[in-house]
Amino acid sequence: MLMSFVYSIICLNVKKRTRLMLKDFFLNEVQNGIKEAIAVNKLGSMGLNDEYTLVIEKPKNPDFGDFAVNVSSLARLAKIAPPMIANAIVEFLPQTTYTVSVVGGFINFKIKDEILADIVAEILEKGVNYGKNQVKNKEKILLEYVSANPTGPFHIGHGRWAAMGSALANLLRFYGHDVFEEFYINDAGSQIQKLGNSLRIRIQQELGLKVDFPTDEIERKNYYPGEYLIPTAKNYLASHQGVNKDNVEGIPLDELCEFAKAEMEAKQQALLKDFRVHFDKFYSELDLHKSGKVENGVKKLTEQGYIYEQDGAMWFKSTVFGDDQDRVIKKADGSNTYLTADIAYHADKFDRGFDRLIDIWGADHHGYIARVKASLEALGYDSDKFEVLLGQLVNLVVDGNEVRMGKRKNMVTLDDLIEEVGIDATRYWMCMRNIDVTLDFDIELAKRSTDENPVFYVQYAHARVCSILRNAVSNGKLNNEPAPMTETELKEIENNFDKSLISKTADSAKALIMKLEEFKSVIALSAENRTVYTICRYVQELAQEFHSFYNANRVIGEDKDLMKARLALMIAIKTVLKNALDILAVSAPEKM
RNA sequence: GCGUCUGUAGCUCAGCUGGAUAGAGCAUCUGCCUUCUAAGCAGAGGGUCGCGCGUUCGAAUCGCGCCAGGCGUACCA
């Protein structure tokens with residue numbers, strides 16, 4: 001509730017906007033005041049061309065007003081004391097929709113009711129579009145995430161990228177960008193051979209043969225011993241009736257690879273769909289090879305003089321572009337490395353006309369950034385248009401203890417997790433932390449439908465609002481009293497609200513309305529910083545403001561104008577909560 | 001060793017494009033349901049912001065150096 005924010009602008013670079021968010025509005029007021037004060041020599045040695053930064057924040061102490069601008073930073077330029085500066089500026093503030101006071105170097109603003117009324121009216125008017133399309137430089141963005149091997153089920157780490165990636169796509173789109181979501185299928189490497197070999201063993205076991213995965217340290221690395229291939233083996237036998245103990249060895253490896261891969265892909269894609277993750281394209285690495293683009297990329301790098309041969313392999317001079325060491329691009333055995341295809345893939349993304357590439361990668365791929373950027377530069381692309389969001393991994397917490405992933409016995413798949421805690425909670429938990437920190441996913445906590453679980457807290461707020469809106473137009477429960485309000489009247493509030501009524505509830509609802517107003521800047525900041533956890537934090541804060549208001553005030557009551565004002569507020573809260581939850585792809589239940 | 005992320009309340013984390021007494025949730029304690037969903041609200045206690053030096057009128061925030069932990073450091077994907 002006391003969250004203060006700081007928003008600064010370099011004042012030589014302020015651009016005029018038609019629709020000002022409140023913070024921008026006050027910054028502009030101050031900036032204009034400064035200019036006028038300078039013009040009449042009230043700001044000491046300051047000149048019109050001096051560059052300075054203004055900071056606006058929300059005071060923690062409400063006595064200081066609703067917004068505060070600190071002008072101490074001008075002291076160095078003006079060579080006079082901060083309070084004098086503040087007073088000089090204040091003289092030139094029109095103070096139409098607000099009042100001001102000066103404390104030290106701070107100019108404190110207190111807003112008048114009409115500003116609050118405008119906020120609510122704007123939300124009602126725009127509805128699902130409130131907060132949308134704020135971006136100034138719209139870009140065609142290709143967002144790539146998850147991009148798992150089609151060799152098995154997703155683990156919980158994939159779940160983090162899936163949830164965050166899809167939420168980020170929704171956010172960037174909401175902000176106004178053109179976003180294309182893509183999943184790169186690593187279906188070309190040796191891991192597919194391992195998959196086929198493993199399927200053969202599972203089929204043999206299904207046929208009753210005594211075969212098992214190798215236990216030898218080196219040999220075992222050529223197999224996937226997870227049990228998930230058992231149903232695949234059954235499916236294979238069901239669709240290949242002629243297969244028996246005697247001819248199973250003769251099945252071509254390619255056929256097994258193809259079968260297993262197709263099934264794994266289908267399962268992965270079905271899960272993504274259930275998890276509310278939509279991809280515009282699943283881009284096959286195999287297709288990339290077939291298209292000749294990989295070879296073409298190598299050719300281009302060679303032509304540019306960035307390839308040399310050593311120890312029988314071909315190396316890319318990535319150090320020219322800042323990488324720690326050069327990278328092998330064609331192994332001594334003639335095959336490509338993973339990087340070779342990745343170079344072609346990222347070049348192809350630009351060739352398809354995207355302005356910006358954003359990839360979400362696990363922190364374990366950190367070393368790849370420099371080499372892919374290097375390759376893009378070598379091929380003549382602007383590597384600054386390629387962003388990698390590096391995500392720390394996920395720890396599962398069970399009974400208060402971390403369960404290390406990777407130990408095969410403790411392997412928890414995303415399917416298991418979703419089944420255990422549900423889609424809403426899984427998505428919310430995966431999105432609620434900064435991508436830079438390792439996520440502790442506490443299954444017990446995420447499962448709980450209590451206030452310990454933020455996702456329920458937020459959803460409950462939405463359900464409560466909906467309940468009030470329902471009650472406003474339904475008859476009394478016990479003795480069938482008439483409804484406090486007709487459906488038509490409620491529609492009237494939504495579509496043609498008399499915003500002057502807000503003054504009836506302005507005092508009690510001020511904090512709540514201010515929080516609603518914050519939504520737009522939360523969207524803008526979140527989109528620009530590519531963070532989705534900030535949406536989670538905001539939605540929790542908004543829910544908190546609502547719950548607090550709910551406990552202190554009644555919406556439905558005798559005073560009809562007051563009721564109308566508060567119902568308008570309820571519709572506004574519902575709208576903003578829904579818009580935010582939609583970005584996270586977490587449901588906003590009408591009832592709980 | 002090098003690169004990178006992290007180190008803030010008992011726990012999980014915000015704040016880190018420098019600014020008014022360092023915040024939230026959970027946990028603990030105290031109150032609040034004959035009134036729109038108590039899955040809620042109000043309040044209390046709880047912190048050498050890993051350590052040191054520096055820049056600044058001002059540092060959790062910026063710089064440098066340490067300490068601790070995660071990840072990476074392949075002709076694997």
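Remember, predicted model here, so these are calculated numbers, not experimental data. Letters go in sequence order (proteins before strands), and every chain restarts at 1.
- Side chains of A:S587 and A:Q459: a donor-acceptor N/O pair is present below 3.5 angstrom, by distance only.
- Between the P atom of B:rG43 and the CD atom of A:Q544 lies a distance of 10 Å, rounded to the nearest Å.
- In this structure, of B:rC36, B:rG40, B:rA39, it is B:rA39 that holds the atom nearest to the side chain of A:F456.
- Here the two rings, on A:H547 and A:Y457, have centers that are under 6.0 Å apart.
- Taking atom CZ on A:R160 and atom P on B:rC71, their separation rounds to 15 Å, with Å as the unit.
- Between A:Y533 atom OH and B:rG25 atom P there is a gap of 18 Å when expressed in whole angstrom units.
- The partner of B:rU37 is absent, by the rule that a Watson-Crick or G-U pair needs both atom distances under 3.5 Å.
- For CG of A:N529, the number of neighbouring non-hydrogen atoms (other residues, nucleotides, ligands) closer than 6.0 Å is greater than 12.
- The distance from atom CG of A:D436 to atom C1' of B:rG7 is 13 Å, rounded to the nearest whole Å.
- Using N1 to N3 plus N6-O4 or O6-N4 for Watson-Crick, or N1-O2 and O6-N3 for G-U wobble, each under 3.5 Å, B:rG19 pairs with B:rC57.
- The CG atom of A:L389 sits 14 Å away from the C1' atom of B:rC5 (whole-angstrom rounding).
- A syn orientation is assigned to B:rC33, its glycosidic angle lying within 90° of 0.
- Figure legend. B:rU12 is base-paired to B:rA24; pairs are counted as Watson-Crick or G-U wobble with both atom distances under 3.5 Å.
- Taking only side-chain nitrogens and oxygens, A:Y538 never comes nearer than 4.0 Å to OP1 or OP2 of B:rA14.
- Here the nucleotide nearest the side chain of A:Y460, chosen from B:rU12, B:rC41, B:rA39, is B:rA39.
- Atoms CG and OG, on A:L339 and A:S318 in that order, are 8.0 Å from each other to the nearest 0.5 Å.
- Between B:rG19 and B:rC11, the distance separating the two P atoms is 27 Å to the nearest Å.
- Of the nucleotides present, B:rC29 is the one that pairs with B:rG43 by Watson-Crick or G-U wobble criteria, both distances under 3.5 Å.
- Remark: the separation of the C1' atoms in B:rG63 and B:rU17 is 16 Å, to the nearest Å.
- Base pairing analysis places B:rG52 opposite B:rC64; the two distances defining the Watson-Crick or G-U wobble pair are each below 3.5 Å.
- Aromatic ring centres of A:F519 and A:Y538: separated by under 6.0 Å.
- Atom CZ of A:R554 is separated from atom P of B:rU34 by 14 Å (rounded to the nearest Å).
- Because its NZ or CZ atom is both nearer than 6.0 Å to the ring centre of A:Y550 and within 45° of the ring axis, A:R464 counts as a cation-pi partner of that residue.
- Partner assigned to B:rG1 is B:rU73, using Watson-Crick or G-U wobble distances below 3.5 angstrom.
- No side-chain donor from either of A:S521 and A:E518 sits under 3.5 Å from a side-chain acceptor of the other.
- The side chain of A:S548 lies closest to B:rC41 when the candidates are B:rA39, B:rC36, B:rC41.
- The cationic atom of A:K194 (NZ for Lys, CZ for Arg) does not lie both less than 6.0 Å from the six-membered ring centre of A:Y223 and within 45° of the ring axis.
- OP1 or OP2 of B:rC71 has not a single side-chain nitrogen or oxygen of A:Q392 nearer than 4.0 Å.
- When distances are taken from the side chain of A:V437 to each of B:rC13, B:rC41, B:rU37, the shortest belongs to B:rC13.
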A correct 5'-to-3' footprint of nucleotides 72-77 of chain B, with B, S and - meaning base, sugar-phosphate only and no protein heavy atom under 4.0 Å, is S--BSB
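- Mapping A:T534 and A:Q540 onto RNA chain B by nearest heavy atom places A:T534 closer to the 5' end of the strand.
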